[in-house]
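Below, read A as the first sequence line, B as the second, and so on, with proteins coming before strands; counting in each chain starts at 1. Side chains are part of it too, since the values below use all heavy atoms of this structure and drop only hydrogens, waters and symmetry mates. Please read these numbers as outputs of a predicted model, since none were measured by experiment.
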2 protein chains.
Amino acid sequence: MARAGKPSLDDLKTRLRDADLRATAPRLAVLRFLYEAPTPVSHAELADKLAPEGWDRATVYRNLNDLTDAGIARKTDLGDHVWRFELLKDTDGSHTDAHPHFVCDECGEVSCLPEGTVEIKSTRNGPLRLKERVSEIQLKGRCERCN
Amino acid sequence: MARAGKPSLDDLKTRLRDADLRATAPRLAVLRFLYEAPTPVSHAELADKLAPEGWDRATVYRNLNDLTDAGIARKTDLGDHVWRFELLKDTDGSHTDAHPHFVCDECGEVSCLPEGTVEIKSTRNGPLRLKERVSEIQLKGRCERCN
DNA sequence: GTCTGAATTGCAAATGAGTCGCAAGTGCAA
DNA sequence: TTGCACTTGCGACTCATTTGCAATTCAGAC
Ligand SMILES: [Mn+2]
Ligand SMILES: [Mn+2]
Ligand SMILES: [Zn+2]
Ligand SMILES: [Zn+2]
């Protein structure tokens with residue numbers, strides 16, 4: 001959530017290569033965009049923002065999926081049928097981790113909540129307690145503005 | 001979650017008419033199906049189950065949306081990019097209410113959790129506290145079976 | 001019970017997000 | 001530098017959902 005200072009081009013290249021991905025221009029553009037996004041970004045958003053720079057829609061999409069497969073980003077549907085991508089924690093722990101998300105039913109705004117905002121009552125529930133099996137928490141409702 | 005005994009045909013008709021919807025055959029079939037489903041149902045599931053009875057996909061779909069617009073059902077995407085529908089609480093309070101859902105990343109199984117399983121720490125957060133603004137809670141992870 | 005206008009249906013065509021195939025271009029390790 | 005696997009661009013394609021429209025069916029008024 002807290003985002004470290006903007007990464008240098010070399011930081012970006014390194015992160016890609018560490019994941020066995022080539023550091024191509026469109027790939028770097030996508031990755032940079034994710035680094036700078038404060039909340040998960042949809043494919044459409046990405047494609048629109050990057051279109052002026054000339055990158056193809058399919059390429060952007062493939063890259064988003066590549067980053068996801070490589071464990072650099074995470075692909076989620078926050079409940080509104082739109083895929084959104086966000087960076088995963090960096091090797092050095094400097095990026096996004098497992099925090100809950102909130103999506104506004106009305107305006108679609110997505111926000112990241114601090115970890116710990118939501119507590120799962122650990123009812124015994126099989127070998128592993130529920131809490132231990134949950135990897136993602138999503139809330140929906142009206143945001144402050146739309147309320 | 002707890003489902004009252006199966007509703008009579010008249011119960012169904014009444015519920016539709018109370019919502020200013022005509023009680024047509026395909027509509028009743030859809031509504032009945034929702035009453036009997038233990039967890040949210042996807043359109044595909046619905047359409048497949050009702051196809052043998054001869055109802056058109058588009059009709060099933062429109063009905064699902066009509067029920068949703070009328071406040072009888074709720075349409076959610078549990079995080080897997082599939083729309084699912086479930087009945088909303090009946091006028092007499094006998095049906096589904098606001099409980100959290102859990103979806104398995106692995107097998108896609110959806111389960112309804114008891115209310116109260118998830119607690120939202122009510123940090124002050126605008127005029128209304130977060131807790132008051134949340135209308136839906138979704139968890140994702142591995143179900144017991146897939147764990 | 002009939003009648004009538006509005007809601008609903010069925011079926012086919014349209015939409016749109018997301019994917020894929022493939023020939024041309026590029027990163028990178030040797 | 002070179003070679004080749006990895007990527008890109010672009011068009012074609014898929015598949016879920018939506019829409020247009022004429023035909024049909026409700027529901028409420030005679
Ligand atoms: Mn986030
Ligand atoms: Mn439920
Ligand atoms: Zn909002
Ligand atoms: Zn499972």
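Atom-to-atom, CZ of A:Arg17 to P of D:dT7 comes out at 12 Å; the value is rounded to the nearest Å. Between B:Asp48 atom CG and D:dT17 atom P the separation is 11 Å, expressed in whole Å. Between the CZ atom of A:Arg27 and the C1' atom of C:dT26 there is a distance of 12 Å, rounded to whole Å. The distance from atom CG of A:Leu28 to atom P of C:dT26 is 15 Å, rounded to the nearest whole Å. Note: CG (B:Asp77) to P (C:dA17) measures 16 Å, nearest angstrom. Rounded to whole angstrom, the span from the CH2 atom of B:Trp55 across to the P atom of C:dT9 amounts to 9 Å. Rounded to whole Å, the distance from CG on A:Asp20 to C1' on C:dA29 is 13 Å. Rounded to whole angstrom, the span from the CG atom of A:Leu46 across to the P atom of C:dG18 amounts to 12 Å.
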I'd like to compare against my own output: the B/S/- annotation of nucleotides 11-16 of chain D with a strict under-4.0 Å heavy-atom distance to protein.
------

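Between the CG atom of A:Asn63 and the NE2 atom of A:His43 there is a distance of 10.0 Å, given to the nearest 0.5 Å.
Note on ring orientation: taking the six-membered ring where Trp is involved, the planes of A:His81 and B:His81 are tilted (angle from 30° to 60°).
Within the 4.0 angstrom heavy-atom criterion, no nucleotide atom of any strand lies near B:Ala44.
The shortest distance between the side-chain N/O atoms of A:Asn63 and the OP1/OP2 oxygens of D:dT8 is below 4.0 Å. Proximity of B:Thr24 to the phosphate of C:dA7: no side-chain N or O atom is located under 4.0 Å from OP1 or OP2.
By the 4.5 Å heavy-atom criterion applied to side chains, B:Tyr61 and B:Trp83 are counted as neighbours. The closest side-chain heavy-atom distance from B:Pro40 to B:His101 is below 4.5 Å. Inter-residue side-chain proximity for B:Asp80 and A:Asp77 is flagged as unmet; no heavy-atom pair is nearer than 4.5 Å.
The 5' end of DNA chain D is approached more closely, in terms of each residue's nearest nucleotide, by B:Lys75 than by the other of B:Lys75 and B:Ala25. Heavy-atom distances to DNA chain D give each of B:Leu21 and B:Val82 a nearest nucleotide, and the one nearer the 5′ end belongs to B:Val82.
One side chain, A:Ser8 or A:Asp11, offers a donor N or O that lies under 3.5 Å from an acceptor on the other.
Remark: side-chain polar atoms of A:Lys131 are not paired, donor with acceptor, to backbone N or O of A:Lys121 under 3.5 angstrom. Side-chain atoms of B:Ser135 come within 3.5 Å of backbone N or O of A:Lys140 as a donor-acceptor pair.
Stacking of A:Arg142 on the aromatic ring of A:Phe102 is not recorded, the 6.0 Å distance cut-off and the 45° axial limit not both being met.
Side-chain to base pairing of A:Arg62 with C:dG18: no donor and acceptor N or O lie closer than 3.5 Å to each other.
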Identify the pairs formed between an N or O of the protein and an N or O of nucleotides 3-5 of chain D at a distance under 3.5 Å, and give each distance.
residue: D:dA5; atom: N3; partner: A:Arg22; partner atom: NH2; Å: 3.0

